[in-house]
Amino acid sequence: MINFAKFNDAISLWDDVSPPRKIYPSLSESISGDVVIIGGGIVGLSSALHLAKKGYKPIVLEGKTIGSGASGRNNGQVIPVLSRAEPEKIEQIYGEVGKRFTTLIRDSANYLFQLARDENIECEAEQTGWFQPAHSKAHLESSKWRNSAWARRGAPCKMLDKEQSFALLGSDQWYGGMYNPTGGHINPLKFTSGLATACERLGVQIFENSAASKIERKGNGWVVKTKNGYINCVSLLLATNAYSETFTSNLAPKVTKSIVPLVSFQLATKPLSDELRQSIIPNREAVSDTRGDLQYFRYDARNRLISGGALIFKGNAEQRLKKIVGKRFAKAFPKMGVPEFSHIWSGNVGMSMDKFPHFYKLGENYWGWSGCNGRGLALGVSIGREFALAIDGKGDIALPLEKPKPIAFHPIVKKLAPSALAYYRWKDKQKPKSRNLNE
Ligand SMILES: Cc1cc2nc3c(=O)[nH]c(=O)nc-3n(C[C@H](O)[C@H](O)[C@H](O)COP(=O)(O)OP(=O)(O)OC[C@H]3O[C@@H](n4cnc5c(N)ncnc54)[C@H](O)[C@@H]3O)c2cc1C
């Protein structure tokens with residue numbers, strides 16, 4: 001059943017095909033704990049899990065329900081690279097910690113799949129590889145450069161030529177591209193709920209419908225207030241990313257203003273016939289191409305193809321999305337034609353101005369992050385591991401820590417941000433900067 005009234009609250013495919021969510025209590029008293037984590041998405045829960053494994057007893061505060069943010073509403077592609085931030089740039093800016101961070105990214109897809117196995121998280125995981133086909137000959141050159149940059153850093157990636165790309169996709173619309181066998185896809189809601197269950201097993205306390213409304217320093221620790229309770233704690237992690245403004249804009253205003261939340265729409269087809277399925281992405285890889293106005297596809301466990309897109313204006317969104325994304329399907333896979341869609345929903349992506357994710361030390365024993373730029377699944381799990389290390393204070397973390405940089409004229413930038421799509425569409429037609437393969 002599709003609820004088109006509000007895409008950000010619409011029942012997602014993942015809601016529809018996953019077991020009913022476990023309901024966690026709301027915080028209604030005053031308690032104490034060692035670590036409070038604000039945000040019940042992948043980053044918050046992965047941090048809690050890794051902390052619990054170190055003997056901590058973290059408390060997770062979620063404003064709505066576990067996985068109700070981006071973590072339970074995304075496309076589920078497990079991708080071991082960032083959207084735009086390239087490894088050499090990361091290392092150039094951040095030096096040694098940048099090198100640790102690129103290693104984290106390189107290993108992040110394997111780490112997610114391994115964690116799912118270790119914690120018995122049943123999440124329809126398919127480690128079938130991730131393919132980034134180039135949408136033009138010129139972009140194929142960029143793909144080669146990107147592939148060699150990652151290969152030099154030990155990623156098991158390789159280039160596929162046009163013929164191999166055709167065999168992988170069942171489409172001649174792309175020109176070859178970078179393939180990485182460690183990627184794949186999951187049911188992200190089941191994965192997020194599974195992380196919460198794994199946390200609970202290790203003694204993590206989870207509260208839903210318990211938005212943090214205020215953070216205050218008290219003595220050597222922190223007090224986090226919700227509507228009906230508060231928690232005294234030593235350490236604090238802000239893991240609210242693109243949803244930082246959902247409940248209050250005053251919790252950590254500098255973090256909130258460091259990104260722009262962009263609405264990304266998801267569309268799932270009805271299950272494909274066996275014949276069609278075997279001719280389109282027959283080996284079920286996760287696919288997202290080189291465009292800024294990204295084209296991407298993946299199967300779910302019931303053989304629906306899931307893609308998505310963004311809109312500059314939201315008027316008549318349902319019909320326009322069906323038309324835009326339907327046309328893309330028909331062009332890429334003519335045998336399929338314009339498909340019927342069974343689910344349309346959306347979620348918020350935290351976009352930073354430089355397309356880098358940013359990690360913050362916000363105060364004494366207080367950390368946070370923002371800016372997934374659409375790549376936060378594999379990354380998010382590993383970020384959680386590193387935040388646990390930071391909170392534990394033993395060892396070198398692989399995240400470059402900075403102070404949040406609020407975007408100037410944030411309310412205006414937020415309003416204008418969807419129109420950046422027009423720029424991406426224009427840029428997708430331009431020749432990218434040529435680069436030396438050994439650069
Ligand atoms: C439509 C869509 C498709 C995407 N596709 C992919 C993909 O295929 N692959 C990929 O790698 N990435 C993808 N992403 C990005 C990825 O989903 C995110 O980067 C990732 O889920 C971020 O996890 P998180 O834990 O940081 O944030 P979230 O999952 O958004 O969690 C933040 C949580 O904080 C809660 N919160 C906010 N304020 C408060 C408060 N005051 N108190 C308590 N709780 C609060 C929110 O309710 C929310 O649940 C996609 C994102 C979207 C929206």
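In listed order, ligands and their atoms are each counted from 1.
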Nearest-neighbour protein heavy atom for atom 31 (O) of ligand 1, which is reported as residue plus atom name and distance: G41 CA, 3.6 Å
Q266 contact mode with ligand 1 (heavy-atom cut-off under 4.0 Å): side chain
Polar side chain donor-acceptor pair, Y360 to S370, under 3.5 angstrom: yes
Contact (N/O only, under 3.5 Å) between V43 and ligand 1: yes
Which segment of W369 sits under 4.0 Å of ligand 1 when only heavy atoms are counted: side chain
NZ/K99: more than 12 non-hydrogen atoms of other groups inside 6.0 Å: no
Residue part near ligand 1, for Y243, under 4.0 Å between non-hydrogen atoms: both
Which segment of A239 sits under 4.0 Å of ligand 1 when only heavy atoms are counted: backbone
N187 and E122: side chain donor to acceptor below 3.5 Å: no
Under 4.0 Å to a heavy atom of C372 - the qualifying atoms of ligand 1, by number: 15 (C), 18 (C), 19 (O)
For atom 47 (O) of ligand 1, closest protein heavy-atom neighbour: E62 OE2, 2.6 Å
Residue portion contacting ligand 1 (non-hydrogen atoms closer than 4.0 Å) for N74: both
Per-atom contacts of ligand 1 with V349, taking only distances under 4.0 Å to non-hydrogen atoms: 51 (C), 52 (C), 53 (C)
Short N or O distance, S71 and ligand 1, threshold 3.5 Å exclusive: yes
Atoms of ligand 1 close to Q77 [distance to a heavy atom under 4.0 angstrom, numbered from 1]: 7 (C), 8 (O), 9 (N), 10 (C), 11 (O)
From Q132, Q77, R298, residue fulfilling side-chain hydrogen bond (donor to acceptor under 3.5 Å, both in side chains) relative to S288: Q77
Exercise: do Y296 and Q266 side chains pair donor with acceptor under 3.5 Å: yes
K327 atom NZ, over 12 foreign heavy atoms within 6.0 Å: no
Side-chain touch R425/I312, heavy atoms, less than 4.5 angstrom: yes
G347 neighbourhood, listing ligand 1 atoms whose heavy-atom distance to it stays under 4.0 Å: 53 (C)
Close-contact set for ligand 1 against N348 heavy atoms, below 4.0 Å: 53 (C)
Proximal atoms of ligand 1 relative to R375 (non-hydrogen, under 4.0 Å): 10 (C), 11 (O), 12 (N)
I66 contact mode with ligand 1 (heavy-atom cut-off under 4.0 Å): neither
Any side-chain heavy-atom pair of I281 and T128 under 4.5 Å: no
Heavy-atom side-chain contact between K22 and E200 under 4.5 Å: yes
Where ligand 1 meets G63 - atom numbers and elements under 4.0 angstrom, heavy-atom basis: 43 (C), 44 (N), 45 (C)
pair R284-R277: side-chain heavy atoms closer than 4.5 Å: yes
